[in-house]
Student: 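What follows is a structure written as structure tokens; I'll ask about it next.
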2 protein chains.
Amino acid sequence: MTRRPGIDEVARLAGVSKSTVSRVLNGAPHVSTRAREAVRRAVIQLDYTPNQAARSLAGHRANAIALVVSEPSGRVLADPFFAGVMRGVHAELAGHRTQLVLMMSQPGDVGSYLTGGHVDGALVISSHGHDPLLSLLHDNGLPVVAGGRPLAGGPVPYVDSDNFTGAVEATQHLISSGRKRIATIAGPVDMAVGLDRLSGWRRAMSGQRTDLVAYGDFTPEGGASAMTSLLTREPSLDGVFVAADIMALGALQVLHAAGRRVPDDVAVVGFDDSVPAVPPLTTVKQDVERFGRMLTWRLLAEIEGEEGLPPSVLLPTSLVVRTSA
Amino acid sequence: MTRRPGIDEVARLAGVSKSTVSRVLNGAPHVSTRAREAVRRAVIQLDYTPNQAARSLAGHRANAIALVVSEPSGRVLADPFFAGVMRGVHAELAGHRTQLVLMMSQPGDVGSYLTGGHVDGALVISSHGHDPLLSLLHDNGLPVVAGGRPLAGGPVPYVDSDNFTGAVEATQHLISSGRKRIATIAGPVDMAVGLDRLSGWRRAMSGQRTDLVAYGDFTPEGGASAMTSLLTREPSLDGVFVAADIMALGALQVLHAAGRRVPDDVAVVGFDDSVPAVPPLTTVKQDVERFGRMLTWRLLAEIEGEEGLPPSVLLPTSLVVRTSA
DNA sequence: ATGAAAGCGCTAACAA
DNA sequence: TTGTTAGCGCTTTCAT
């Protein structure tokens, strides 16, 4: 490994001072075209890359943001939703010389690490209940944006999908197709995404029986056991709104094993448009990549100290009708 | 935001010098129990976290490793395989005060960034063909471990699953259950994982017709179009070995739409044991989390400069029989 | 076992 | 427009 060149060598080769090199590197004003060009050439010739650590230390910026998955299990990593968000985050980060640091541990460690100045801001997703992490970070002055509305309310900006409206549409589709006994497999009640989709179902079901609710944890297994319990409680159900495609996968397995045909006997509507299933799922589509981009854009703007930013952003959802309902 | 304390303040409060604090922090020897305790207390009292940038700059270590997804599309992010690996990586990283930096861009940027001393090592997964990135990093002296055998061969250590044996078992299961016209949906031929699973199928099929091969790209859509093409070429096929569950999802949709019953008309065996399907997939299971842990362990060992490390590790696979075959 | 002092490679304030 | 200078907060010899 050849020793890598420092900024001094670039300066020497370009015939200018370190400061000028630094200015060119950071796109600062007040640099002559002549100097700029000389520096550029020297950088290329030496294959120079600035030392990030030195940069952070001197510049008081970490040039990195954290993506915090506020869930010890790591369940969310397996969720297609997360994958899409991550793609969006990356896309938005491109060209910002900002690195993405992934974190998954417990609030204690994460909190002190993050507030410790190692990153310039944090994206917190999949936050449950009244997760103290969000307020902790916010109170410490670290720019934070939540992915999904935080239940605690408070002053943390967030980006979310319009889960309520999506759930209403999904349920209405079931109703208007003539289903009479419509159940729902809801998500965790300690997350806004779980609550909002359940509220949407309730809203659309107003006037009808709304006790057919079972809860899952956004895993196929959770969806399967919820479906089993619903089938036991109401064998004659003929429609289910499942609050996540990933849970619908489990539900479909159970329905199949129970000999129920989908959609003939039981119509199924999912949420996310994230998985190919048999039969293809009628579901509520959300643009997860856009979600990730929006999240990142918002955080970067916050870090730059932009004024008048919207406290929160709600992204639209839309029903996609396929075979399952 | 209260200004965060520096090492000097800890030193002052503990009544020792910066050096001693540093020693305690880094678990260095030659520190009295008395001093150690005093420092510990001061650290807690001040809620001190070391500045990572300063540490890297002075210590010539980045205290971070990169997880490089050598694929522009980001397809792999949506792959359950990747999610499992990432969980393993995190698990193994716990307690190593090492951060995980995720990278997805093009070889050019990534290469110079990585060799630029910003991370202490890199995990490269999903590398296609004769990806120059691996050799580039290796030649620059950066510790690297590949996830999945690199096609280029060369001196880069890697961790892989025993894809060949898994594929052989899967295919033998199909054969021994009496299937006569067995096809395969193979993965990309520019990746060892694609090649090895195909070789396993060929090996098990020796003596039989081996032209029923269609290729997919490890996406459900790829699996679907491969299945369509196979069905067209050989309508009477009665078994398929699909080189990835995620592709099997697409294949199952196509079979279902074509009115073929699984497993009655066509038996399907997948690979990965990563998705719940209808009907539940008979598949080759691999322990992806272990894969991630092994990968990380290997890289950390490499970074520590341990001697006599195995150049490569092959993890076992096993057949899980469910309903689809 | 402990402390003093010299950087690590950059940015930013200031001077010119 | 450019250069000089002083740190940023640690780790690490080298003394003691």
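Just so it is clear: chains get the letters A, B, ... in the order the sequence lines come, proteins before strands, and each one is counted from 1.
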Student: Where the side chain of B:R55 is defined as all heavy atoms beyond and including C-beta, which of D:dT11, C:dG9, C:dG3 is the nearest nucleotide?
Tutor: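 Ranking D:dT11, C:dG9, C:dG3 by closest atom to the B:R55 side chain puts D:dT11 first.
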Student: Verify whether one side chain among B:S161 and B:Q286 offers a donor that lies under 3.5 Å from an acceptor in the other.
Tutor: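 Side chains of B:S161 and B:Q286: pair found under 3.5 Å.
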Student: C:dG3 phosphate, OP1 or OP2: any side-chain N/O from B:T20 under 4.0 angstrom?
Tutor: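 Yes, because at least one side-chain N or O of B:T20 sits under 4.0 Å from OP1 or OP2 of C:dG3.
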Student: What residue among A:V124, A:L134, A:V145 forms side chain to side chain contact (heavy atoms under 4.5 Å, CB included) with A:V156?
Tutor: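 Of the listed residues A:V124, A:L134, A:V145, the side chain to side chain contact (heavy atoms under 4.5 Å, CB included) partner of A:V156 is A:L134.
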Student: Would you mind telling me which residue lines up with the more 5' stretch of DNA chain C, B:K18 or B:G15, judged by nearest nucleotide?
Tutor: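 The 5'-side residue here is B:G15.
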Student: Report yes if at least one side-chain N or O of A:S22 is closer than 4.0 Å to OP1 or OP2 of C:dT11; otherwise report no.
Tutor: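 Checking C:dT11 against A:S22, a side-chain N or O does come within under 4.0 Å of OP1 or OP2.
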Student: Assess the residue pair A:E9 and A:R12 against the criterion (salt bridge (charged side-chain N to carboxylate O under 4.0 Å, His left out)); give the C-alpha distance rounded to whole Å, side-chain angles, the decisive distance to 0.1 Å, and a yes or no.
Tutor: CA-CA 5 Å; A:E9 287 158 70; A:R12 202 172 315 133; 5.7 Å; no
Student: Determine to 10° how strongly the helix from C:dA1-D:dT16 to C:dA16-D:dT1 is bent, judged from the axes of its five-pair ends.
Tutor: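 Rounded value for the end-axis angle: 30°.
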Student: With a 4.0 Å heavy-atom cut-off, tell me which residues in residues 28-39 of chain B come close to DNA chain D, sorted by residue number.
Tutor: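 None, since no heavy atom is under 4.0 Å.
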Student: Please tell me which of the listed nucleotides, C:dC10, D:dG3, D:dC8, lies nearest to the side chain of A:V16?
Tutor: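 Within the option list, the nearest is D:dG3.
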Student: Would you tabulate the nitrogen or oxygen pairs shorter than 3.5 Å linking the protein to nucleotides 14-16 of chain C?
Tutor:
none

Student: Between C:dG9, D:dT4, C:dT11, which one does the side chain of A:N26 approach most closely?
Tutor: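 The answer is C:dT11.
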